[in-house]
Amino acid sequence: MDKWIQVIILLAGIFFIKALLPDISKQEDICTNSERSYIVDFPAAFGQLCLMITGGGGIAFCIFAFLYDRKLGEVSQGHLVFSAIFALIGMVGIFVKSRWRVVVQGEQICFYNILKPRIKIRIKEIEKVQIGRKDELRIYFSGKKIKTIDRLTNNYENFLVTLLENNVEIYRLEE
């Protein structure tokens, strides 16, 4: 069990350091010379929440590991597993936040997905956009849905205005 604890602590440390470092790739994607450049991404509160979950799970894990090692209280391996899973959930959220975004640079849009490679297209190449019942935007390109953008994301309104300015077909789904 001691080796598993060390591995979990090491992985938690790696993800925690990654979360604290600035995301350099976002800064590289935006060209300041463009007349209309912005990023559609998760709200900052989501990242802060994930960081708090990771930190809380990590701190709980350290406390439980100390108490378990010293045989103080009634701490079991279940406490260790629960706190490690709690921290892991926060790390997954941080990973998702760092990978998912839409970068708009003038007439170009670059879609970054979590596990798929990025897709770079011109705004005019978007076939259609559907607005769902919760105002999420479903973007279609080459007959496939390539991205769903929730209305709670940063710059949602700017993205919708950009689509309307470029005469992209936008449909509201029937309820």
Side-chain angles (χ1 to χ4, degrees), residues 1-32 37-105 109-120 130-139 145-160 162:
M1 182 67 181
D2 290 333
K3 290 191 180 208
W4 285 107
I5 292 172
Q6 291 173 353
V7 169
I8 291 172
I9 290 173
L10 179 66
L11 288 175
I14 290 170
F15 278 105
F16 196 70
I17 290 171
K18 162 71 171 94
L20 293 178
L21 293 175
D23 194 357
I24 298 170
S25 62
K26 281 188 182 180
Q27 296 168 357
E28 292 173 359
D29 289 332
I30 291 291
C31 176
T32 56
S37 297
Y38 55 90
I39 297 176
V40 179
D41 63 353
F42 283 105
F46 178 77
Q48 293 168 353
L49 175 68
C50 291
L51 197 57
M52 288 185 341
I53 290 172
T54 302
I59 290 169
F61 182 83
C62 292
I63 292 170
F64 290 148
F66 176 77
L67 294 174
Y68 183 76
D69 186 49
R70 302 280 186 223
K71 307 280 191 259
L72 300 172
E74 295 184 16
V75 177
S76 66
Q77 289 181 353
H79 289 87
L80 294 171
V81 170
F82 177 76
S83 59
I85 290 173
F86 195 70
L88 186 64
I89 290 170
M91 286 184 244
V92 168
I94 291 168
F95 175 75
V96 167
K97 183 184 181 329
S98 70
R99 298 275 302 168
W100 189 98
R101 65 184 176 269
V102 177
V103 178
V104 178
Q105 294 177 325
I109 299 180
C110 195
F111 298 97
Y112 290 86
N113 295 309
I114 298 167
L115 299 174
K116 297 177 186 175
R118 71 180 181 163
I119 300 170
K120 191 169 189 173
Q130 292 179 338
I131 300 178
R133 60 186 174 105
K134 295 182 180 177
D135 289 336
E136 71 274 6
L137 300 175
R138 298 178 188 150
I139 301 165
K145 181 177 78 169
I146 59 172
K147 187 66 111 182
T148 300
I149 299 175
D150 190 67
R151 72 180 156 102
L152 297 176
T153 57
N154 292 332
N155 292 318
Y156 172 85
E157 293 83 14
N158 289 344
F159 187 69
L160 190 57
T162 300

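Quantities reported herein were computed from a predicted structural model and do not represent experimental measurements. One is the number of the first residue; the rest follow in order along the sequence.
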With sequence neighbours left out, what residues match [X] under side-chain contact (heavy atoms from CB on, under 4.5 Å)?
| X | result |
| --- | --- |
| Phe46 | Phe42, Cys50, Lys97 |
| Cys62 | none |
| Leu49 | Met52, Ile53 |

- Are side-chain N/O atoms of Thr162 and Tyr38 paired as donor and acceptor at under 3.5 Å?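 The criterion, which ignores hydrogens and geometry beyond distance, is satisfied for Tyr38 and Thr162.
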Practice prompt. Go through the side-chain N and O atoms of Tyr112 and Arg118 and say whether any donor and acceptor fall under 3.5 Å apart.
Written response: yes
Taken in chain and number order and not counting sequence neighbours, the residues that satisfy salt bridge (charged side-chain N to carboxylate O under 4.0 Å, His left out) with Asp150 are none
According to side-chain hydrogen bond (donor to acceptor under 3.5 Å, both in side chains), who are the partners of [X], at least two apart in sequence or on a separate chain?
| X | value |
| --- | --- |
| Gln48 | none |
| Thr153 | none |
| Glu136 | Arg138 |

Nearest-0.5 Å distance, [atom1] of residue [X] to [atom2] of residue [Y]:
| X | Y | atom1 | atom2 | result |
| --- | --- | --- | --- | --- |
| Phe61 | Phe66 | CZ | CZ | 14.5 Å |
| Lys145 | Ile139 | NZ | CD1 | 10.5 Å |
| Arg101 | Asn113 | CZ | CG | 11.0 Å |
| Ser76 | Leu67 | OG | CG | 11.5 Å |
| Ile94 | Ile89 | CD1 | CD1 | 12.5 Å |
| Ile146 | Ile119 | CD1 | CD1 | 5.0 Å |

How close do His79 and Phe64 get, heavy atom to heavy atom, and via which atoms?
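For His79 and Phe64, the tightest heavy-atom pair comes out as O-CD1, 3.5 Å.
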query: Which heavy-atom pair separates Ala87 from Thr54 by the least distance, and what is that distance?
result: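 Scanning both residues, the minimum pair turns out to be O-OG1, 3.6 Å.
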side-chain contact (heavy atoms from CB on, under 4.5 Å), that's the test. Do Phe95 and Arg99 meet it? Break it down for me. CA-CA 6 Å; Phe95 175 75; Arg99 298 275 302 168; 3.8 Å; yes
Query raised in the report: Would a 4.5 Å heavy-atom cut-off, applied to side chains only, mark Ile39 and Val102 as touching?
Result: no
Applying ring pair (Phe, Tyr, Trp, His ring centres under 6.0 Å) to Phe111 and not counting sequence neighbours gives none
Tyr156 meets the ring pair (Phe, Tyr, Trp, His ring centres under 6.0 Å) criterion, sequence neighbours left out, with none
